[in-house]
Amino acid sequence: MNSSAPASATPGSTGSTGRKRGRKCTSDIWDDFDPIYNEVNGVKVKVKAKCHRCKSILSAAGSGGTGHLRRHHKSCIAKSERTTRV
Ligand SMILES: [Zn+2]
């Protein structure tokens, strides 16, 4: 009649015990981009990235959002190689 309470209700195992290595603070993308900082309340925050090749300014707010920069860099190289003005 009375079913025992479902005690063990694990709300999603928060696994991932311990952080593995690989905590790069600077990705190598910054070899090809110049970080542009903005000062907010006396704190410098990275907001944009400037491409060394085409000088475009791309948004790079926050940390860890460099995927699009990488993509841009790749296509930027491809483009510049394609448009070889002779
Ligand atoms: Zn570019």
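Start at 1 and go down the list; that is how both ligands and their atoms are numbered. Only this structure's heavy atoms are used, side chains among them; waters, hydrogens and symmetry mates stay out. In what follows, residues are counted from 1 in the order of the sequence shown.
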Handout entry: Closer than 2.8 Å to the Zn ion (ligand 1) - protein N, O or S atoms, ordered by chain and residue number
Key = Cys51 SG, Cys54 SG, His72 NE2, Cys76 SG
Exercise for the section: Please check if atom NZ in Lys55 has more than 12 non-hydrogen atoms from other residues, nucleotides or ligands closer than 6.0 Å. Expected result: yes
Completion exercise
Between His72 and Cys51 the two heavy atoms that sit nearest each other are NE2-SG, 3.5 Å
Practice task
Report whether Val43 and Tyr37 are members of the same hydrophobic cluster (ILVMFWY, side-chain heavy atoms less than 4.5 Å apart, transitive linking).
Solution key: no
Handout entry: Side-chain touch Leu58/Phe33, heavy atoms, less than 4.5 angstrom
Key = yes
Completion exercise
Output for pair (Arg71 CZ, Ile29 CD1), nearest 0.5 Å, gives 11.5 Å
Exercise for the section: May I ask you to say whether Asp32 pairs ionically with Lys50, meaning some side-chain N is under 4.0 Å from a carboxylate O? Expected result: no
